[in-house]
Protein chains: 2
Amino acid sequence: MAPRYRQLRPYLLCTLVQLLDLGAGVGPVRVSTTELASVMGVSQQSASRHLRLLEGMGMVSRRVEAEGSLISISAEGLGVLGEVCGVLRRGLEDSAVEELSFEGTVFSGMYQGAYYLSQGDYLEQIREKLGFEPYLGTLNIRIREGDLERRRSLDRMPSVRIEGFRGQAREFGGGRCYPVVVNGEVEGALVVADRTSYDLSVMEIIAPVSLRERFGLRDGDTVRVMISGPRRSSS
Amino acid sequence: MAPRYRQLRPYLLCTLVQLLDLGAGVGPVRVSTTELASVMGVSQQSASRHLRLLEGMGMVSRRVEAEGSLISISAEGLGVLGEVCGVLRRGLEDSAVEELSFEGTVFSGMYQGAYYLSQGDYLEQIREKLGFEPYLGTLNIRIREGDLERRRSLDRMPSVRIEGFRGQAREFGGGRCYPVVVNGEVEGALVVADRTSYDLSVMEIIAPVSLRERFGLRDGDTVRVMISGPRRSSS
DNA sequence: ATTACTAGCTGTCGAGTAA
DNA sequence: TTTACTCGACAGCTAGTAA
């Protein structure tokens with residue numbers, strides 16, 4: 001129940017991972033403390049201390065020489081790393097959420113979507129980062145109360161960041177865009193402004209075409225947006 | 001070149017891993033700071049601080065409620081963890097050393113092997129941890145000069161620890177035993193005392209039988225010891 | 001060029017406690 | 001019960017420097 005990797009303080013575990021990345025898992029590797037320090041972004045003294053501590057715990061073995069140290073991770077150390085690897089693999093496997101979709105009802109916003117979109121370099125950013133030229137307007141939908149919980153899973157979906165900027169008179173905030181497919185046909189993006197006036201049950205969608213026209217939508221009609229999950233994280 | 005996981009201080013990375021282990025990778029999970037603190041072996045205050053920091057960096061998102069917080073790791077966070085996972089997988093894959101074997105020449109030690117073995121609970125420890133009743137004596141071999149480098153790889157081999165103890169008059173040190181196969185036939189163990197008078201070119205071997213008798217060995221004869229590598233570390 | 005000591009600074013930790 | 005504040009203690013950090 002008590003994982004072995006807790007034996008190591010966090011910073012030592014990170015050093016061990018770095019050593020593995022440097023190849024100290026396969027066999028003795030020549031690494032100087034200066035070198036290790038620079039790749040880890042710490043001082044040479046810290047790298048040196050970490051190595052001494054890891055050696056003292058039997059996690060690595062090394063031979064100190066003039067041109068640097070010969071370092072290899074011990075079976076003990078590999079065991080610890082293997083354990084962490086296991087935790088990560090299991091945890092990340094489960095997180096391969098394929099799809100997340102919401103159903104919502106269309107409602108009229110304050111018709112400010114077009115205004116905002118045309119400000120500054122929003123359009124350019126969308127073109128570049130999302131790969132389409134957005135129709136000047138947003139579709140507002142309100143999702144079911146019961147879907148609020150699932151909406152939070154959005155955080156784990158891939159998104160692209162749209163930067164805010166300072167205009168003449170006021171500031172325009174940034175936000176995140178999640179690529180979505182609307183009604184299974186049109187590719188667009190869900191826009192979540194960093195600071196929005198709407199509550200969490202509201203979603204704003206942009207697309208290359210007018211979604212209202214495309215699907216003949218009126219207020220109260222239902223649309224389905226589908227967000228694709230994160231590509232499997234590995235290698 | 002600069003890995004994304006360096007964005008996080010080591011202790012935050014560890015907290016993130018723990019959250020993944022608690023299931024925050026798949027979706028919102030109810031975890032109180034007290035709970036997180038106890039599984040991590042830190043104070044509630046630290047757990048709370050870590051969560052706030054991770055949230056501030058966009059690695060996790062959460063909703064604080066009376067009965068604990070709903071926590072889920074963001075896409076950003078999963079990305080970071082995925083990166084670490086990749087490093088570990090690649091590094092550990094390569095480390096699947098299958099076998100390590102040494103050839104050495106037999107020489108006579110100071111015939112103290114039997115004496116040491118019969119002290120305290122050495123015999124009992126060996127019986128329990130190695131699974132055989134050792135012949136009262138050790139076979140000493142000296143490996144080739146050129147194999148000294150490879151000998152260091154021993155650290156990465158699985159071993160069992162034999163604890164030292166304090167006798168009446170003096171102290172008896174601990175050491176490590178590596179299961180080996182001698183001349184491809186007899187299973188025994190290589191003994192590496194924590195503090196030994198021999199240099200690195202010397203190996204001491206114990207086995208359930210007298211190896212000298214079994215193979216008709218005399219000083220200067222050659223034997224081969226084979227150490228099996230660490231079982232693949234995964235899941 | 002190394003590694004590693006000492007000294008002093010900083011940031012993390014956890015007890016106490018508020019909300 | 002929660003979460004999170006303040007603040008004193010100290011672990012870990014870095015600079016300087018020795019070997």
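All heavy atoms count here, side chains included; hydrogens, waters and symmetry mates do not. Within every chain, numbering begins at 1; the chains are lettered A, B, ... in the order of the sequence lines, protein sequences first and strands thereafter.
Between C:dA4, D:dT3, C:dT3, one nucleotide has an atom nearer to the side chain of A:Arg52 than all others, and that is C:dA4. Checking C:dT12, C:dT2, D:dT2 against every side-chain atom of B:Ser32, the shortest atom distance belongs to D:dT2. Distances were taken from every side-chain heavy atom of A:Ser48 (C-beta onward) to each of D:dC5, D:dT2, C:dT3; the shortest belongs to C:dT3. Side chain of B:Ser46, nearest nucleotide from D:dT3, D:dT14, C:dC13: C:dC13. For B:Ser43, the listed nucleotide lying nearest its side chain is C:dG14; candidates were D:dG12, D:dT3, C:dG14.
Nearest-nucleotide positions on DNA chain C for A:Arg9 and A:Gln45 put A:Gln45 closer to the 5' end.
Distance, B:Leu70 CG to D:dT2 P: 14 Å, rounded to whole Å. As a whole-Å value, the separation of B:Arg49 CZ from D:dT2 P is 19 Å.
The side chain of B:Ser69 places an N or O atom within less than 4.0 Å of a non-bridging phosphate oxygen (OP1 or OP2) of D:dT3. Not one side-chain nitrogen or oxygen of A:Arg62 sits closer than 4.0 Å to the OP1 or OP2 atom of C:dT2.
Closest approach of A:Gly25 and A:Leu20 over heavy atoms only: CA-CD1, 3.8 Å.
Counting heavy atoms from C-beta on, the side chains of B:Val31 and B:Val39 never come closer than 4.5 Å. B:Gln18 has its side chain out of reach of B:His50: every pair of non-hydrogen atoms, C-beta onward, lies at least 4.5 Å apart.
Judged by distance alone, the side chain of A:Glu83 and the main-chain N or O of A:Tyr5 form a donor-acceptor pair under 3.5 Å.
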